[in-house]
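This one's a predicted model, so the numbers in the text were calculated from it and none came from an experiment. Just so it is clear: chains get the letters A, B, ... in the order the sequence lines come, proteins before strands, and each one is counted from 1.
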Amino acid sequence: MTVAGGGWETVIGLETHVQLRTASKMFCGCSAAFGAPPNTNVCPVCLGLPGALPVPNEQALKLAVRAALALGCTLHPKSVFARKNYFYPDLPKGYQISQFEQPLATQGALSYVSPERGLTTATIVRLHVEEDAGKSLHDRFPKETAIDLNRCGVPLIEIVTGPDFRSPPEARRYLQTLKQVLEYAGISDCDMEKGSLRVDANVSVRRAGATALGTKTEVKNINSFAYVEKALTVERDRQIALLEGGGVVEQQTLLYDSKTNGVRPQRSKEQSHDYRYFPDPDLPPLALTEEFIAQQQAQLPELPATKRERFMTQYALSVNDADVLTGDRAVADYYEAVVHAGADAKLAANWVINEVLADAKTHDEQLRVPPGALAQLIGLVRGGTLSQQAAKRVFAEVAERGGEPRNVAEALGVVQVGDSGVVAGWVTEVLGAHPQEVVRYKQGETKLMPFFVGQVMKVSRGKADPKLAQRILEEKLAA
Amino acid sequence: MSDPGEALASAKAAADRIVRAKRLNACLTPPKELRQSLTKQAQAAHPSGVLYGMPVAVKDNICTLEFTTTCGSRILEGYRSPYEATAVAKLKAAGALIAGKTNCDEFGMGSSTEHSTYGRTLHPFDKTRVPGGSSGGSAALVAAGAVPAGLGSETGGSVRQPASFCGIVGIKPTYGRVSRSGLVAFGSSLDQIGVFGRSVHDAARVLSVISGRDPRDSTCEARDSLRLPTVPESLQGFVIGIPKEYFPPDLAPAVRRACDRAIRLLKELGAAVREVSLPHTQYAVPTYYIIAPAEASSNLARYDGARYGPRFDGARDVRALYRTTRGEGFGPEVRRRILVGTYVLSSGYYDAYYRRAQQMRALIAQDFRNVFDRGVDLLFTPTTPTPAFKAGEKLADPVAMYLSDIFVVTANLAGLPAMSLPIGRVKGLPIGGQLIGQAFLEDEMIEAAYALERVVPAAQDA
């Protein structure tokens, strides 16, 4: 919803730092891997030793350009690395190499499905390349801070949106979509827990209908997708309460604390730097040739938004179904494989969204039933060999132990029974067991029919052909 | 030289000469450590190298594995680099011996080698005078005959100015000709390793060895190493420009006389000499003193006592560690430049200072291109306005000190190759003449220097 409380509109912009999926760091050959023992992936360059110089990692530049292309940005033929100067123990050079006046790319857009407004576009104001800082560990030794410089120099891109989001869930959905795109294109792992995707949010509120932006605050330290919505909601509510109480919002940087689900101001020492940006004289301007850009374009796979639209037209799916199926590249590929194996597109969508993804969720994101087997299973339901209920059992069995759905169904004894004599036996049993419902039905309460069918399915343990059962039920109850 | 015994003898003799020159305070390496290392290096040196057995003294802001690298600063006292500069690695690969680390103005900031925490270096011919700087230690050792060649570094004339003061040859190559990897940064867009030699040939062959591409420096051009020219018979076909801005009315008369004599000799060698103008020259020193400190303020941010080097106090909190370490570890000239650099990069001042200085730098570079585009091959100027000045003379007046580099900073701002060679003396003090060449045409510049060196009476009063 766009209005919280009485007539307030929330305005959110996001700055996302994404770690590029490279083997080595941005400006040296050290491994960029997460989780190595502290200070083992380091060298004179990333330690900022006297005399050491940065040399750009070409793979990182390729991935950054692909990210810019995937987000529809204008790539600049010339961009400039700049130094962002500040003192901090986990920043060994005393500056971070980033981009400032002349970023790699500007003016992009990412369309996503807003939970409130449907298909919406977020503007990407800029996308630039930079290096990560190290980590200060405050909990390793009592009263002392330890420094781990393994992360120092790991390649990042920063993606800055306009003030485009109107609610915390919308901001979250944008982030999920961004993550999808970057994962699709192999640009980043986007793992918030490992810090390979980090987000800072600018939040302000204004009276509904107002056009001027309210005073914003910056919320940092949001380190999981679940907290994005919580942190933004907390801050939005804080601002509204403040304004409704006659106060004013102070422009400041806030840290989100997930334990208390609250925000607190960053200590004054930690903020209001004059970063003294200037072009890094150690690095020539980054020149991109049209040929290089074209090569990176060619490396991009079909992206989620394109795929979503194609799924909607090609398979006649709703925007929501298409959105779910294209959310993950592996799932989209799986779905298409099921359809190509002969399954009805709409039925396949239902199966993948309901059964396959539910199963994957509890099994380490594995898509355990092969696409061919699922297609066969869908065919068995459509042809009347299996009831929907029985098919779910077969699905679970195939997921667990493998095998051909047809054989598994037979082994489980759940193949639908179309013999009217046998089904009539189950009908008789059901009617005998529910005399009161029979009376009510006969008095005109025909909506009880699904109940009787359900009971037949139950006593037949899912084997009865439900259509046949209904016909026999109607005959007998009419008698 | 290719006999291993000769390399050992060369190493021992060099060590003896350097130790005998101890009174100059030019070499920072303790004698015992120097002898041991030189012996070890001579034994390991590859006999097929083009500089086999040649001792080369190295300025202490260039990283070496053999010795500490202190940059003349207390903040790097005892610092040992875990890697060596590309230039040093190339010297060693060519069989040269690293003959100790030489004194310099702290982080290269100075023109007299007085701003070193390890004391000032003396002029080899007059102990009351300075050898120039910041690479004064290497210059003094070469001039004293202790080593045939040395490495220095330039940000704004720190090789050519001491070469001029000490009466030796000093070459600053084109920006990007020699890798800066392992050269401790001062002003990264200006910094370049340079060489000293007793002769043009000694300096040039060392430059040839250390030049060339390096994957560890993005600003180093992907070019092969410099090819040495042969000594020319004449300078027929050379057009040498004399920029009038480099001959101001207050130029020391002896310097003017020495230059006039050198210009006459260049003509006699067959060169066409013509007066040219570089109209933005007067802005070079102020431009330099914005850009170099700006870059320095950022480059020197890493010396905070947190990871290496001495740590002063800092037990209380990290801000106190920074304040005390940097306050006590840096000398006054370095602190002054960090403050200036921080100021000119600050928001609100950036456009007025740093951005305008960059614009002026582009105009200064354009001045040179305009002259070279009109058929001039090389420029000839005095290297410094005066011979070596007295120790202490300019310490109280930083601007007077800065102005001693007035003729040399332009080549750094424009990224051009330039060199100083002795062209005469006044009262026993050497006078240097400067050649400024076109980007990556060091060979032409060296050719002209070869020719002039042969005919100029460098040891005679002008």
Side-chain angles (χ1 to χ4, degrees), chain A residues 27-29 39 42-58 80-97 100-101 134 136 138 143-147 149 152 267 269-270 272-287, chain B residues 61-63 69-71 73 76 79 81-86 107 176 179-185 187-191 214-220 291 294-295 297-304 306-309 317-319 321-322 326 341-350 354-355 358:
Chain A
F27 295 113
C28 64
N39 299 307
V42 291
C43 74
V45 175
C46 57
L47 288 176
L49 293 188
L53 296 171
V55 176
N57 175 340
E58 191 172 335
V80 173
F81 287 107
R83 293 187 184 177
K84 179 180 180 180
N85 295 284
Y86 64 97
F87 286 96
Y88 209 71
D90 59 24
L91 189 72
K93 295 191 296 294
Y95 60 84
Q96 177 193 25
I97 304 176
F100 185 59
E101 280 188 348
S136 294
H138 300 289
K143 288 185 180 173
E144 293 196 82
T145 298
I147 307 290
L149 296 175
C152 194
R267 278 180 290 135
K269 275 183 183 175
E270 295 167 333
S272 74
H273 288 107
D274 178 356
Y275 290 119
R276 291 175 285 123
Y277 281 102
F278 75 106
D280 190 335
D282 287 333
L283 293 160
L286 180 59
Chain B
N61 65 348
I62 299 172
C63 291
T69 299
T70 72
C71 301
S73 181
L76 280 174
Y79 174 73
S81 174
Y83 76 104
E84 64 189 0
T86 299
F107 286 100
S179 169
R180 291 188 297 116
S181 177
L183 167 65
V184 179
S188 313
S189 72
L190 303 156
D191 293 345
D214 181 13
R216 274 181 279 199
D217 176 3
S218 313
T219 63
C220 186
I291 292 172
E295 294 180 4
S297 71
S298 174
N299 282 330
L300 272 60
R302 67 190 64 190
Y303 308 109
D304 57 11
R307 290 162 304 278
Y308 49 81
D317 62 46
V318 71
R319 297 282 140 185
L321 169 72
Y322 291 165
R326 292 170 64 77
T342 303
Y343 180 82
V344 300
L345 288 177
S346 300
S347 74
Y349 297 100
Y350 183 92
Y354 186 77
R355 201 185 298 278
Q358 289 293 6

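Remark: side-chain polar atoms of S181(B) are not paired, donor with acceptor, to backbone N or O of L53(A) under 3.5 angstrom. For D274(A) (side chain) and S347(B) (main-chain N/O), a donor-acceptor pair under 3.5 Å exists by modelled atom type.
Atom OG of S297(B) is separated from atom CZ of F278(A) by 6.0 Å, given to the nearest 0.5 angstrom.
Looking at E101(A), only its side chain comes within 4.5 Å of chain B, counting heavy atoms on both sides. With a 4.5 angstrom heavy-atom cutoff, T342(B) touches chain A via backbone and side-chain atoms both. Looking at F27(A), there are no atoms closer than 4.5 Å to chain B (heavy atoms on both sides), in backbone or side chain. With a threshold of 4.5 angstrom between heavy atoms, A85(B) does not approach chain A through any atom at all. Interface residue Y303(B): only side-chain heavy atoms are found under 4.5 Å from chain A.
Between V55(A) and P215(B), the shortest heavy-atom distance links the atoms CG2-O, 3.2 Å. Counting all heavy atoms, side chain and backbone alike, Y83(B) lies closest to P50(A) at OH-O, 2.8 Å. The minimum heavy-atom distance linking S298(B) with Y95(A) is given by the pair OG-CD2, 3.3 Å. What you find for L283(A) and T219(B) is that their closest heavy atoms are N-CG2, 4.3 Å. Among all heavy-atom pairs drawn from S188(B) and R83(A), the shortest one is OG-NH2, 3.7 Å.
When each of G94(A), P89(A), G29(A) is checked for heavy-atom pairs under 4.5 Å with chain B, P89(A) comes out on top. Most heavy-atom pairs under 4.5 Å with chain A: of the set N299(B), D304(B), I62(B), V344(B), this distinction falls to N299(B). Of the residues considered (N61(B), L190(B), V184(B), L300(B)), V184(B) shows the highest number of contacts with chain A, using heavy-atom pairs under 4.5 Å. The candidate from P92(A), P56(A), P44(A) with the greatest count of non-hydrogen atom pairs under 4.5 Å with chain B is P92(A). For the set I147(A), L49(A), N85(A), the count of heavy-atom pairs under 4.5 angstrom toward chain B peaks at L49(A). Ranked by heavy-atom pairs under 4.5 Å with chain A, the first of Y349(B), Y354(B), Y308(B) is Y308(B).
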Task: From CA spacing to verdict: side-chain contact (heavy atoms from CB on, under 4.5 Å), R276(A), Y350(B) - done: CA-CA 8 Å; R276(A) 291 175 285 123; Y350(B) 183 92; over 6 Å; no
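Environment of CZ in F87(A): crowded, with over 12 heavy atoms of neighbouring residues, nucleotides or ligands closer than 6.0 Å. A 6.0 Å sphere centred on CZ of R216(B) holds no more than 12 heavy atoms belonging to other residues, nucleotides or ligands.
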